[in-house]
Amino acid sequence: MDINLKILRYDPESDRKGHWENYIVDAEPEERILDLLHKIKWFEDGSLSFRRSCAHGVCGSDAMVINGENMLACQVLVKEVGNPIKIEPIRGLPVVKDLIVDMEPFFDSYKKVMPYLINEKEPGDRERLQSPEDRDKFEDTTKCILCAACTTSCPVFWTADTYVGPAAIVNAHRFVFDSRDEGTKQRLEILKDVNGAFRCRTAFNCTSACPRGIQVTKAIEDIKRETLLNS
Amino acid sequence: MKIVKHSFDGVIVGAGGAGLRAAIEAAPHMKLAVITKLYPTRSHTGAAQGGMSAALANVEEDNWNWHAFDTVKGSDYLADQPAVDILCKEAIDAVIELEHWGLPFSRLDNGKIAQRRFGGHTVKEGESPAFRACYAADRTGHMILQTLYQKCVSMGVTFFDEFQVLDIKIEDGICQGVIAYELATGDIHIFETRAVTFATGGFGKIFKVSSNAHSLTGDGPGILYQKGIPLEDMEFYQFHPTGIYRLGILLSEAARGEGGILRNKDGERFMERYAPSIKDLAPRDMVSRAIATEISEGNGAGPDSDYVYLDLTHLGAETIKKKLPDITDFVRTYVKIEPIEEPIPVQPTAHYAMGGIPTDVYSRVLSDEKGTVLPGVYAAGEAACVSVHGANRLGTNSLLDIVVFGKRAGQSMVDYVTQTKPNSISDSASDDLSKKIQNLIDKEHTDEFSVANIRKDLQESMEENAKIFRTKETLEKQTEILEELRDRYENVTIFDKSKVHNSELVEAIELDYLLDMSEATVASALARNESRGAHSRQDFPDRDDTNFMKHSFAFKKDNTANLKYKDVELGKYEPMERKY
């Protein structure tokens, strides 16, 4: 069937104002939105630019706004979004070209929360022990693929790009609740800052946007509670 | 075209598991850059699911020698046994090290790392399936990639994200540096460096149905192949038995490790006929052939009788939710069925290159079949061929390979850099490449010579003629098709003429490597008149140890390959008939 796609185009070299471009693509209801973008790029207009790699929702390259909501283009099928389909770049990060945004500010925020295991103790020559119950406490937040769908769906982030954003807090959560980690104090110090977890206004956009089903708002609430308990 | 020059002691190309592991080893000892065409966390290591094997013996008695036996037998005796010993012995420390860096492995009740069964891994040299694969639910690769990247962030490793390396400069046999194209600007970057590791991953995009990411186009092997470096064992390409029907998205062998069963259209557990002792947990080459045979004999399911079922319905909701959450989500997302209640339509999918850039056990690149080392150049992971996988890789051994030999590549870079002085690269080093790019930009676009059309014909013809079963006839046919495609590629054109994020230009260059990989694969397959592991010639159905107990080395010659051979390094395991 014919699908009508409206894509927000922007080219810093030739189209600095940006414009909506219409494409008609023949597609099956089971096809991914990414498949449609490829059909345009490969067989109609090679200048259409977007990121993608794994094409099945694990690498986190192709977050974009599809009919108003943040999604991974490779994880949504035509029949789930209807016709016509409107596609824009994710919001709150500078657009570089078409559906490609500058990811550097996003990764900078991620790096701010010390996203690595901190434990100065000599671990010995075997694994550290961790009970399945302790392991479960941070299971949800280990799933993050850093696609930025959550952070760029957050109304607070749109207005204050100094806010570390949901993704960075999710990655802090992954370590704060890991029984092997000893960096909680340092991380919570960072997150109680004016640009930290308390900026969250619990809009729940992040939780709806997460393509991995992470309970993002809950993770932020966990961090807020932990900060209060530790202060 | 703007040209930017950098100077480093060492450069790593690729930021998946192998590249990041090498970086962790090398970064403290030199000025190091990691260059990746993606962001590191987008690398395809993150798509690996089931586990990473090591004889930790957390669940039952185990021994790295048994792991080595299984790996050699799984390889159909083509793996080099001294290299396999290193892989399996160092596996144990490699897993422990990842745990110490924070990898969130799933745990047993006693708090130790959990282990599960996987295809071809057995206790006591074939007695019964072994609990050897250390895992983190069914997203082990994701956790490895994240953990290694986190470690790099903590160390302050320098990354060049979204830079595509397109050339290496070697003068008088000595590495001078690499040339890269910056996606965001279209600028050319000359990286002066004396040590380079290629960890660019595989090239599964030579086939139409593939579990591989779009980015897996054989860039590292392609760059070296074009410089006259051979590619080893290219005829051995692994097809994973359980890709989602038509899409090829991987459904981990862990599904069968946890008790999943393959069934044909009649509901028969057909693997009982092909591998009576370990059935569904036979190695991948055997299971993929069994599925292809069932389909060709009319036992496939569906309107076109072209798939079989992966049945998880008897495992129970709890096991599926706890141990296989991601793959069952893929099924819900892309097939819209509930795997707890219904069997899943699957077919074999192109998955893993056993072949690649030849290296020794120190990850040093070899420039010929005699074992001559190319100074300063290293390779690790799927891009490389050590060879630890021989003619067929066992599941979980790839995640092991990337950390064990990634680390060794890093160590070799350190050794080389501490023993040599910096050399200089000429400012004109990027001239050839700039010219090539300018030509692509200047040439008028035509549909006939579009990247996508040539690539589509390549993938469809490779799928048809060089997949699971091959014959002299299909391979000769494919050789002719590849010649035509190469002629078309000489005229390739692009529509996009811009500088900023011109991904069509990158795809045009990647297609060159895909053609190289296909040419080397088909030429190597045509010359190997036997069936061994994943290379299955219907016209030569038996393994021929008298004539083919050897690795192939394909040297680029015009549009095909010139083949030479090197004997397999044997060890304590005598080749025997491979039965399971």
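Residue numbers begin at 1 in each chain, while the letters A, B, ... track the order of the sequences. Values below: all heavy atoms of this structure, side chains included; hydrogens, waters and symmetry mates excluded.
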| request: Would you mind checking which part of Asp447(B) comes under 4.5 Å of any heavy atom in chain A, side chain (CB onward), backbone (N, CA, C, O), both or neither? | output: neither

| query | Where on Leu56(B) is there a heavy atom nearer than 4.5 Å to chain A: the side chain, the backbone, both, or neither? | reply | both

| task | Determine whether Asp125(A) and Ile96(B) make a side-chain contact, defined as any pair of heavy atoms from C-beta on separated by less than 4.5 Å. | result | no

| field | Residues that Arg139(B) engages under side-chain hydrogen bond (donor to acceptor under 3.5 Å, both in side chains), provided they are two or more places apart | value | Glu139(A), Asp326(B)

| With a 4.5 angstrom heavy-atom cut-off, which part of Ile145(A) approaches chain B: side chain, backbone, both or neither? | both

| query | Should Asp15(A) and Arg9(A) count as an ion pair when the cut-off is N to O under 4.0 Å? | reply | no

| request: Go through the atoms of Lys205(B) and report whether side chain, backbone, both or neither lie under 4.5 Å from a heavy atom of chain A. | output: neither

| Which bit of Glu507(B) is near chain A, if near means a heavy-atom gap under 4.5 Å: side chain, backbone, both or neither? | side chain

| query | Considering only heavy atoms, which portion of His142(B) lies under 4.5 Å from any heavy atom of chain A: side chain, backbone, both, or neither? | reply | side chain

| remark: The interface call for His501(B) against chain A, heavy-atom contacts under 4.5 Å, is both

| field | Cationic N near anionic O, under 4.0 Å, Glu30(A) to Lys336(B) | value | no

| said: Please classify the contact between Leu216(B) and chain A as side chain, backbone, both or neither, with a heavy-atom cut-off of under 4.5 Å. | reply: neither

| Which bit of Met114(A) is near chain B, if near means a heavy-atom gap under 4.5 Å: side chain, backbone, both or neither? | neither

| field | Carboxylate-amine/guanidinium proximity below 4.0 Å for Glu182(A) and Lys121(A) | value | yes

